[in-house]
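Inspection log for the structure reproduced underneath, given as structure tokens.
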Number of protein chains: 2
Amino acid sequence: MKNFINHIRQFVNFTDDEAAAFYNVMTEVHFKKGAHLLEQGSICGQVYFITKGTVIYFMKQDDSEIINEVFFENCWVTEYGSFLAKSPATKSIRAMDEVTVLALSYNNMQQLYSKAQCYERFGRLMAENLFVTHERAMIHMRKSAEERYLMFAKERPELLQRIPQYMIASMLNITPEALSRIRRRAIKPVRQAQ
Amino acid sequence: MKNFINHIRQFVNFTDDEAAAFYNVMTEVHFKKGAHLLEQGSICGQVYFITKGTVIYFMKQDDSEIINEVFFENCWVTEYGSFLAKSPATKSIRAMDEVTVLALSYNNMQQLYSKAQCYERFGRLMAENLFVTHERAMIHMRKSAEERYLMFAKERPELLQRIPQYMIASMLNITPEALSRIRRRAIKPVRQAQ
DNA sequence: AATAAAAATTGATGTAGATCAATAAAAACG
DNA sequence: CGTTTTTATTGATCTACATCAATTTTTATT
């Protein structure tokens with residue numbers, strides 16, 4: 001609860017009552033490793049705030065899985081398009097380990113929005129943040145595989161530790177083989193120089 | 001004015017007074033062909049609602065220009081990251097022809113948000129829409145050049161008429177030469193079959 | 001209409017990164 | 001532990017698309 005309230009106060013200066021009311025409409029849910037928070041094709045009815053564990057946000061394509069993002073503690077995750085339009089999700093969300101979330105349902109969210117402007121402002125700021133982050137990420141997609149990896153390694157070093165390399169490759173839209181070669185080229189020269 | 005009010009009412013059910021108050025903080029501005037609505041490096045202080053003409057949203061890179069988007073009548077355009085954080089813009093916006101916009105300044109926007117929840121809701125819905133549209137576009141970036149073009153031609157046929165092919169190539173992150181070849185492969189077979 | 005400028009096409013060649021196949025290394029597990 | 005499974009590395013080859021250079025076509029300008 002403390003973490004959650006600290007988190008939301010980074011965006012909006014909620015009073016104790018407002019923050020508590022927010023927290024109170026969230027439901028704690030646990031997911032075992034491998035369980036799905038959302039299945040592609042179903043309608044996403046919840047926004048999740050992760051309090052423990054790691055989830056992947058991915059798309060099934062043919063027989064493989066394309067990983068779009070990895071989220072962990074103090075991140076929000078949902079398929080916003082599906083959630084807002086009540087349309088079938090084009091992505092899935094899966095727990096990579098033991099995951100605990102605070103879930104906010106569509107109805108509860110709309111009720112918060114109707115209740116007071118502070119919640120609406122929070123929603124606006126979250127969406128703005130999402131968009132700006134996403135637009136920045138889009139710039140990287142136009143670069144070479146090597147540049148994408150180097151940028152990623154610089155901006156999100158914690159993820160390199162946290163998830164297997166083939167998932168990073170998938171996020172970067174390159175093959176595991178190509179990423180392995182990029183790392184050899186990028187890292188080995190530094191080691192040799194020591 | 002009619003167009004603008006119709007537009008904003010697609011998102012929020014503004015009363016006549018609310019809509020008029022919104023319209024009244026917008027300033028009409030004209031740009032000549034080639035003029036900049038925003039220059040990379042400067043701070044973006046306005047959100048523009050285009051009432052006439054076409055603008056490109058692009059990035060300078062080395063000596064060339066990478067076109068990220070093209071906007072025209074009844075579209076909003078801004079560098080949201082720069083606008084929100086008052087940080088230097090990483091993109092520029094340029095008029096492709098005679099352009100008329102309704103400009104909303106940062107301060108006026110914040111005042112609207114403070115004035116009533118309906119404006120804040122509008123801001124939230126706009127940001128949500130932007131994000132969802134953008135996330136959908138991201139899916140395409142992982143596809144082949146040919147798939148990107150075919151998808152684009154299907155989803156935005158009006159743009160094919162409206163801007164030169166080399167700009168479409170830039171938006172799709174492929175060279176004009178490659179796009180020309182893709183089109184030959186994709187279009188000619190159909191014509192031959194007639 | 002004639003000329004100039006901008007945009008699109010075509011060909012030749014190069015290369016980043018994909019794909020396929022075979023180990024090797026690391027992690028998970030009885 | 002050793003054994004199985006998962007993940008990462010390496011090599012050989014292939015291909016989509018880039019790059020460079022030369023026309024051709026289209027559009028704008030006088």
Side-chain angles (χ1 to χ4, degrees), chain A residues 32-34 53-54 56 58-59 61-67 70 94-98 140-153 157 159-192, chain B residues 32-34 53-54 56 58-59 61-67 70 94-98 140-153 157 159-192:
Chain A
K32 293 217 187 295
K33 178 173 179 173
T54 315
I56 57 171
F58 68 99
M59 259 182 115
Q61 192 162 88
D62 310 313
D63 52 342
S64 69
E65 292 178 351
I66 294 172
I67 295 169
V70 174
R94 182 191 299 144
M96 293 285 291
D97 42 34
E98 293 297 301
H140 297 163
M141 290 303 286
R142 291 171 172 261
K143 302 253 173 79
S144 71
E146 181 161 6
E147 284 173 296
R148 294 202 300 280
Y149 172 70
L150 292 175
M151 195 64 76
F152 183 90
L159 259 188
L160 295 186
Q161 308 308 119
R162 201 147 170 160
I163 64 171
Q165 198 168 304
Y166 76 92
M167 287 195 178
I168 292 174
S170 180
M171 287 181 70
L172 294 172
N173 198 28
I174 59 187
T175 58
E177 294 94 325
L179 179 55
S180 172
R181 283 184 254 259
I182 285 166
R183 282 168 52 89
R184 181 177 46 180
R185 287 201 300 270
I187 297 172
K188 283 261 173 68
V190 175
R191 294 258 162 90
Q192 279 170 357
Chain B
K32 294 219 185 293
K33 179 174 179 173
T54 314
I56 56 170
F58 68 99
M59 256 181 118
Q61 193 162 88
D62 309 315
D63 52 342
S64 70
E65 291 177 352
I66 294 172
I67 296 167
V70 175
R94 181 191 299 143
M96 292 286 290
D97 42 32
E98 293 297 302
H140 297 163
M141 290 301 287
R142 292 171 171 262
K143 302 251 174 79
S144 71
E146 180 160 8
E147 285 174 296
R148 293 202 300 280
Y149 172 70
L150 292 174
M151 195 64 76
F152 184 89
L159 259 188
L160 295 186
Q161 308 309 118
R162 202 149 170 159
I163 64 170
Q165 197 169 304
Y166 76 92
M167 286 195 180
I168 293 174
S170 180
M171 285 180 72
L172 294 171
N173 198 28
I174 59 188
T175 59
E177 293 95 324
L179 180 55
S180 172
R181 284 183 253 260
I182 286 167
R183 280 168 53 89
R184 179 175 50 177
R185 286 200 301 271
I187 297 171
K188 285 259 171 72
V190 175
R191 296 255 163 92
Q192 280 169 357

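Order of the sequence lines sets the chain letters (A, B, ...), proteins ahead of strands, with each chain counted from 1. The shown structure was predicted, so the numbers you read here are calculated from the model rather than taken from an experiment.
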Q. How long is the gap from CE on B:Met151 to NE2 on B:His140, to the nearest 0.5 Å?
A. 4.0 Å

Q: Evaluate side-chain contact (heavy atoms from CB on, under 4.5 Å) for B:Met167 paired with B:Ile56, printing each intermediate quantity in order.
A: CA-CA 9 Å; B:Met167 286 195 180; B:Ile56 56 170; 4.1 Å; yes

Between side-chain atoms of residues 168-176 of chain A and protein atoms elsewhere (two or more places apart, or another chain), which donor-acceptor pairs fall under 3.5 Å?
from: A:Ser170; atom 1: OG; to: A:Ile67; atom 2: N; distance (Å): 2.8
from: A:Thr175; atom 1: OG1; to: A:Ala178; atom 2: N; distance (Å): 3.1

Q | Interatomic distance, A:Leu160 CG vs D:dA8 C1' [rounded to whole Å] | A | 15 Å

Q: Would you jot down, in residue-number order, the residues of residues 162-171 of chain A having a non-hydrogen atom under 4.0 Å from DNA chain C?
A: none

Q | Contact letters for nucleotides 18-30 of chain C, in which S counts primed atoms plus P, OP1 and OP2 and B counts the base, heavy atoms under 4.0 Å | A | SBB----------

Q | Whole-Å distance separating the OH atom of A:Tyr149 from the P atom of C:dA16 | A | 19 Å

Q: Go along nucleotides 23-30 of chain D 5' to 3' and tag each nucleotide: B for a protein heavy atom under 4.0 Å from its base, S when only backbone or sugar atoms are that close, - otherwise.
A: --------

(Q) Whole angstroms only, please: what is the CG-C1' distance between A:Leu172 and C:dG17? (A) 13 Å

**Q.** A:Lys143 side chain near B:Gln61 side chain, heavy-atom distance below 4.5 Å
**A.** yes

Q.
From CG of B:Leu150 over to C1' of D:dA16, roughly how many Å is that when rounded to an integer?
A. 15 Å

Q: With the side chain counted from C-beta on, respond yes when A:Tyr166 and A:Leu179 share a heavy-atom pair under 4.5 Å apart, and no when they do not.
A: no

Q.
Just verifying a value: how many Å separate A:Leu150 CG and A:Arg148 CZ, rounded to the nearest 0.5 Å?
A. 11.0 Å

Q: Would you give the length of the straight line joining atom CG of B:Leu160 to atom OH of B:Tyr149, rounded to the nearest 0.5 angstrom?
A: 5.0 Å

**Q.** Rounded distance (Å) that lies between atom P of D:dC17 and atom CZ of B:Arg142
**A.** 16 Å

Q. Under a 4.5 Å cut-off applied to non-hydrogen side-chain atoms, are A:Gln165 and A:Arg183 in contact?
A. yes

Q: Applying salt bridge (charged side-chain N to carboxylate O under 4.0 Å, His left out), name anything that partners B:Arg162, two or more places apart in sequence or on another chain.
A: B:Glu73

**Q.** Rounded interatomic separation in angstrom, taking CZ from B:Arg184 and P from D:dC17
**A.** 14 Å

Q.
Using modelled atom types and a 3.5 Å cut-off, is there a donor and acceptor pairing between side-chain atoms of A:Asp97 and backbone atoms of A:Gly53?
A. no

Q.
Please report the interatomic distance CD1(A:Ile66) to CZ(B:Arg142), rounded to the nearest 0.5 Å.
A. 6.0 Å

**Q.** Runs of at least three consecutive pairs that involve DNA chain D, where pairs are Watson-Crick or G-U with distances under 3.5 Å
**A.** C:1-30 with D:1-30

Q) Can you tell me if NZ on A:Lys33 sees more than 12 non-hydrogen neighbours from other groups inside 6.0 Å? A) no

Q) Given side chains that start at C-beta, do those of A:Glu65 and A:Arg94 come closer than 4.5 Å, heavy atoms only? A) yes

